[in-house]
Asker: 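Pasting a structure here, questions to come.
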There are 2 protein chains.
Amino acid sequence: MSNQDDGAEDRSNGEIKDTVLGSLIGYQLKRAYMQIQPHAQAALAEDSLRVVSFSCLSIIVDNPGIAQSELATALQMERSNLVIVIDELEERDLINRNKVPTDRRRYALTATLRGRHLRDRAAERVSRVEAEIVDRLNEDDRARLMSVLEKVRDRLAS
Amino acid sequence: MSNQDDGAEDRSNGEIKDTVLGSLIGYQLKRAYMQIQPHAQAALAEDSLRVVSFSCLSIIVDNPGIAQSELATALQMERSNLVIVIDELEERDLINRNKVPTDRRRYALTATLRGRHLRDRAAERVSRVEAEIVDRLNEDDRARLMSVLEKVRDRLAS
DNA sequence: TATTGTTATACTCTATAACTATA
DNA sequence: TATAGTTATAGAGTATAACAATA
């Protein structure tokens, strides 16, 4: 048998082919997110915030009076899983649970001054980190991002 | 006090503002992924495949002879968490663990004919589902996707 | 000494069911 | 009867440490 293409690809250079997987938008989105997420996480950790805490705080800052249910819907998470996050933000004096006279079942969530300032600072940090990461992406990673950009844009051309 | 903007935004229409959060690439990527993932998951479930099983199978099909460590690196997961996935693919006769004479520590993973066919069919299914979803995105979701496209493209303009 | 595959385990995230108090 | 917040719990997914076999 000759050295022609018999399906056993040459991987002696250590490169892994993911042609089929890489053609899927979901895979590319996940990969792109996985590049960014740890850095965003690290940036938020400087303010002792998790990604979910920051997301909640940010939505509360921009939507004063929002209820926990509404917040859960906005972030596409279960309201049961939101409770301890809100607890923590409240304990850190970043937000308040305000009683609503017209509906005593719900809380009106509002950010404190401290919460608003922390949100702004944290958002600034994450923005900076994201910009740095995208700038430092290597050839493969850039290709990945461009790939998902193109695919989604093609499908959106309507 | 008048009815002017005092920071308490009007949310009577039920719309939630996420201006700051929405300006972050990571958030947009995650949101976009969360739109696609459940549908891809459902499509793969028709072949009793999880996303991780399909990803592994797909990489093995395209890289015959790959080792578990290499596969773990390619998919950015721990090799310890890969073991049961590979076990399952092997039990379903979709791949083989082949002994490598020159290095008896590693296995050379190869897909069976059945595995290659299943991968092709599953990939086709996911592609179709992804296309449908992107087509059916509502105004908000499209705006989200365009947002991340623009942001990343701006940063990549080099 | 370092690496591959493996096991066990812990930790986080997410999902579900059920409860209470209100509407 | 339905909804908001809450609790408890189960299930994924992911991360870490340690081990045997081999390099």
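Quick caveat, the model's predicted, so the values are computed rather than measured. Chain letters run A, B, ... following the sequence lines, proteins first, then strands; residues in each count from 1.
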Asker: Got a sec? Which of residues 40-48 of chain B come in under 4.0 Å of DNA chain D, heavy atoms?
Answerer: none
Asker: Expressed in angstrom and rounded to an integer, what is the separation of E88(B) atom CD from dT6(C) atom P?
Answerer: 15 Å
Asker: Between S53(A) (side chain) and L49(A) (backbone), is there a donor-acceptor pair under 3.5 Å?
Answerer: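 Flag not set: sc S53(A) to bb L49(A) has no pair under 3.5 Å.
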Asker: Which nucleotide wins on minimum distance to the side chain of E78(B), given the candidates dT7(C), dT6(D), dT16(D)?
Answerer: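 Closest nucleotide to the E78(B) side chain: dT16(D).
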Asker: Test side-chain contact (heavy atoms from CB on, under 4.5 Å) on N96(B) and L109(B) and set out the steps.
Answerer: CA-CA 6 Å; N96(B) 290 124; L109(B) 303 175; over 6 Å; no
Asker: Considering residues at least two apart in sequence or located in another chain, which fulfil the side chain to side chain donor-acceptor pair (under 3.5 Å) criterion with E124(A)?
Answerer: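 For E124(A), no residue satisfies side chain to side chain donor-acceptor pair (under 3.5 Å) once neighbours in sequence are set aside.
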Asker: Would you give the length of the straight line joining atom CD1 of I60(A) to atom CZ of R116(A), rounded to the nearest 0.5 angstrom?
Answerer: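 Output value for this atom pair is 12.5 Å.
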Asker: What is the distance, rounded to the nearest whole Å, between atom CD of Q37(A) and atom P of dG13(D)?
Answerer: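 Rounding to the nearest Å, CD of Q37(A) and P of dG13(D) are 17 Å apart.
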Asker: Between P101(A) and D87(B), just flag the one whose closest nucleotide in DNA chain C comes earlier from the 5' side.
Answerer: D87(B)
Asker: I'd like to know if N81(B) reaches the base of dA15(D) with its side chain such that a donor and an acceptor end up less than 3.5 angstrom apart.
Answerer: yes
Asker: So, does R50(A) get its side chain near the phosphate of dC13(C), meaning an N or O under 4.0 Å from OP1 or OP2?
Answerer: yes
Asker: Where do G115(B) and V61(B) come nearest, in terms of heavy atoms and distance?
Answerer: O-CG2, 4.3 Å
Asker: Pick base, sugar-phosphate or nothing for Q68(A), based on heavy-atom distances below 4.0 Å to the nucleic acid.
Answerer: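 Touches sugar-phosphate only.
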Asker: Quickly, which of V126(B), I133(B), I36(B) forms a side-chain contact (heavy atoms from CB on, under 4.5 Å) with I25(A)? Name it, please.
Answerer: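 That would be I36(B); it is the only one of V126(B), I133(B), I36(B) passing the side-chain contact (heavy atoms from CB on, under 4.5 Å) with I25(A).
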Asker: Check every atom of dT7(C), dT3(D), dA23(D) against the side chain of R105(A) and return the nucleotide holding the closest atom.
Answerer: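 Of the options given, the side chain of R105(A) lies nearest dT3(D).
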Asker: Output the rounded distance in Å from CD1 (I84(B)) to P (dA12(D)).
Answerer: 10 Å
Asker: Can you measure K99(B) atom NZ to dA23(D) atom P for me and round it to whole angstrom units?
Answerer: 12 Å
Asker: Between L57(B) and V51(B), is there shared hydrophobic-cluster membership here, with clusters defined by ILVMFWY side-chain heavy atoms closer than 4.5 Å?
Answerer: yes
Asker: Tell me: CZ of R79(B) to P of dA18(D), nearest whole Å?
Answerer: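 About 14 Å, once rounded to whole Å.
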Asker: In whole angstrom, what separates M77(B)'s CE from dT12(C)'s C1'?
Answerer: 16 Å
Asker: side-chain contact (heavy atoms from CB on, under 4.5 Å), that's the test. Do Y27(A) and V20(A) meet it? Break it down for me.
Answerer: CA-CA 10 Å; Y27(A) 174 72; V20(A) 171; over 6 Å; no
Asker: Starting at the 5' end of DNA chain C and moving along, which residue's nearest nucleotide shows up first, A108(B) or Q76(A)?
Answerer: A108(B)
Asker: Can you tell me how far C1' of dT6(C) sits from CZ of R106(B), to the nearest Å?
Answerer: 16 Å
Asker: Suppose we call a contact any N or O donor and acceptor under 3.5 Å apart; does that hold for the side chain of S80(B) and the base of dT14(D)?
Answerer: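 Looking at the base of dT14(D), it does not pair with any donor or acceptor on the side chain of S80(B) (distance under 3.5 Å).
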Asker: Taking CD1 from I86(A) and P from dT6(D), how many angstroms apart are they, rounded to a whole number?
Answerer: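 Rounded to the whole Å, the gap is 9 Å.
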Asker: Please classify the nucleic acid contact of S69(A) as base, sugar-phosphate, or nothing, using heavy-atom distances under 4.0 Å.
Answerer: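 The answer is sugar-phosphate, as S69(A) gets under 4.0 Å only of primed atoms, P, OP1 or OP2.
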Asker: Has R97(A) got a side-chain N or O lying under 4.0 Å from the OP1 or OP2 atom of dT6(D)?
Answerer: yes
